[in-house]
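In each ligand, atom 1 is the first atom listed, and ligand 1 is the first ligand listed.
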Amino acid sequence: MSNISELTGDIRELAREKNAIILAHNYQIPEVQDVADLTGDSLALSIQASRTEADIIVFCGVHFMAEAASIICPDKKVLLPVPDAGCAMADMLSADELRAEKVRLPGVPVVTYVNSAAEVKAESDICCTSANAVQVVKSLRSPEVLMTPDRNLAMWTQRHTDQKIHYWDGYCPIHNDLTVAAVRKALEDHQGAVLMAHPECPPEVLDMADAVRSTSGMLAYVKESGRREFIVATENGLLYPLAKQNPEKKFYAASPDMVCKDMKKTGLEEILRALRSEEPVVTVEELVRKRAMKAVERMMAVPRD
Ligand code: 13P
Ligand code: SF4
């Protein structure tokens with residue numbers, strides 16, 4: 001038996017014994033996605049965390065995702081197997097900076113992408129993900145909104161609403177570094193392939209895309225499409241579930257450089273260790289949690305298309 005199948009078996013057994021659920025983001029390494037009870041994008045995983053009856057949630061992703069699970073499920077133990085798995089974009093905005101921005105834009109509602117710290121969510125009116133940003137902004141019916149921390153998601157949302165969108169100047173380095181030249185090369189190398197891009201990519205890349213989607217949005221798009229070849233402009237971890245779910249179709253990375261090292265930190269050994277020791281636990285201070293929860297709940301209440 002290989003090390004992977006042995007570890008996978010041990011993890012599944014222990015998860016059953018401890019009534020734990022394993023959630024993995026679509027960017028996680030293949031064996032982590034395979035051992036998970038559920039894989040998905042940030043929105044799907046938040047919803048799943050809110051519904052689970054498990055006592056323990058093992059979050060295979062990055063810190064803000066485990067924090068979000070802990071905000072939603074304060075009575076559950078939320079484990080983040082690798083505690084320093086962080087998000088460069090989330091680190092670009094602090095609660096102090098957001099408070100200062102709110103003083104500069106009084107009365108303007110704040111829409112915060114889930115890729116953010118709990119304290120930043122607590123300062124926000126409503127959260128959004130890449131799957132629902134446009135619907136969330138429109139639901140506010142306010143002529144102006146402030147979107148944080150991702151400027152690219154904000155600029156993308158601006159294309160779909162007449163509301164004026166102010167934005168914080170943050171970005172995901174992995175998506176933001178994708179150049180038009182790299183995408184052109186991928187299009188030349190794979191002529192006729194459909195280009196899908198994540199809204200964290202820069203506007204000039206989104207201009208070239210046939211479809212702009214969250215990670216789960218891309219999985220759904222491919223499933224429904226009659227086309228056979230796709231160029232994927234997001235973190236390259238998504239290529240694994242795309243190929244697994246669509247063995248008859250072909251997928252190409254828009255650039256080999258689209259790798260988020262934090263998303264690759266979690267392996268099977270770390271998951272097993274976390275399940276055995278029930279550590280490291282991610283918690284959110286109660287006052288912050290309650291305020292952040294309001295922003296998350298408002299997002300959950302926005303109807304999906
Ligand atoms: P989604 O899976 O929600 O599209 O998010 C992308 C991302 O960058 C998560 O870190
Ligand atoms: Fe953060 Fe970008 Fe990594 Fe997602 S891919 S966790 S947004 S740094």
Would you say Cys172 reaches atom 3 (Fe) of ligand 2 with an N/O/S atom under 2.8 Å? no
For ligand 1, which part of Met65 has a heavy atom less than 4.0 Å away: the side chain, the backbone, both, or neither? side chain
Does Arg289 come within less than 4.0 Å of Glu286, counting only side-chain N to carboxylate O? yes
List the atom of Leu187, the atom of Leu195, and the distance in Å for their closest heavy-atom pair. CD2-CB, 4.3 Å
Considering all heavy atoms, the nearest Ala49-Cys73 contact: O-SG, 2.8 Å
Sub-4.0 Å atoms of ligand 2 with respect to non-hydrogen atoms of Ile174: 8 (S)
With heavy atoms under 4.0 Å as the rule, classify the contact between Thr129 and ligand 1 as side chain, backbone, both or neither. neither
Can you tell me the protein heavy atom closest to atom 3 (O) of ligand 1 and the distance? Ser42 OG, 3.0 Å
Which residue and atom name correspond to the protein heavy atom nearest atom 8 (O) of ligand 1, and how close is it? Glu200 OE2, 3.1 Å
Against ligand 1, does Met263 come closer than 4.0 Å with any heavy atom? yes
For ligand 2, indicate whether the residue Cys87 contacts it via side chain, backbone, both or neither (heavy-atom separation under 4.0 Å). both
Atoms of ligand 1 under 4.0 Å from any heavy atom of Ser214, numbered from 1 in the order shown, are 4 (O)
Which word best sums up how the rings of Phe251 and Phe230 line up, parallel for under 30°, tilted for 30 to 60°, or perpendicular for over 60°? parallel
Are Ile57 and Ile47 linked, directly or through other ILVMFWY residues, by side chains that come within less than 4.5 angstrom of each other? yes
d(Cys60 SG, Lys265 NZ) to nearest 0.5 Å is 14.5 Å
Is ligand 1 less than 4.0 angstrom away from at least one heavy atom of Ser130? yes
Answer yes if the side chains of Gln158 and Tyr167 hold a donor-acceptor pair under 3.5 Å, and no otherwise. no
Can you tell me if Asp34 and Tyr240 form a side-chain donor-acceptor pair at under 3.5 Å? yes
Is a side-chain donor or acceptor of Lys264 paired with a backbone partner of Val259 at a separation under 3.5 angstrom? no
Around Arg51, counting heavy atoms of other residues, nucleotides and ligands shown, do more than 12 lie under 6.0 Å from its CZ? no
Would you sort out whether Asp91 and His63 count as a side chain to side chain contact (heavy atoms under 4.5 Å, CB included), showing the intermediate values? CA-CA 11 Å; Asp91 291 344; His63 190 263; over 6 Å; no
Short version for Thr234: what comes under 4.0 Å of ligand 1, heavy atoms counted, is neither
Numbered atoms of ligand 1 (with element) below 4.0 Å of His25, judged on heavy atoms: 1 (P), 2 (O), 5 (O), 9 (C)
Where the side chain of Glu67 meets the backbone of Val282, is there a donor-acceptor pair that is under 3.5 Å apart? no
If we only consider heavy atoms of Asn115, is any one of them less than 4.0 Å away from an atom in ligand 1? yes
Distance under 4.0 Å to a non-hydrogen atom of Ala88: what atoms of ligand 2 satisfy this? 8 (S)
Show which atoms of ligand 1 fall inside a sub-4.0 Å distance from at least one heavy-atom site of His198. 1 (P), 4 (O), 5 (O), 6 (C)
Examine ligand 1 and decide if any of its atoms is less than 4.0 Å from a heavy atom belonging to Met89. no
Please determine if Thr215 has a nitrogen or oxygen closer than 3.5 Å to a nitrogen or oxygen of ligand 1. yes
Measure the distances from the heavy atoms of Asn115 to every atom of ligand 2 and state whether one is below 4.0 angstrom. yes
Nearest-neighbour protein heavy atom for atom 3 (Fe) of ligand 2, which is reported as residue plus atom name and distance: Cys260 SG, 2.4 Å
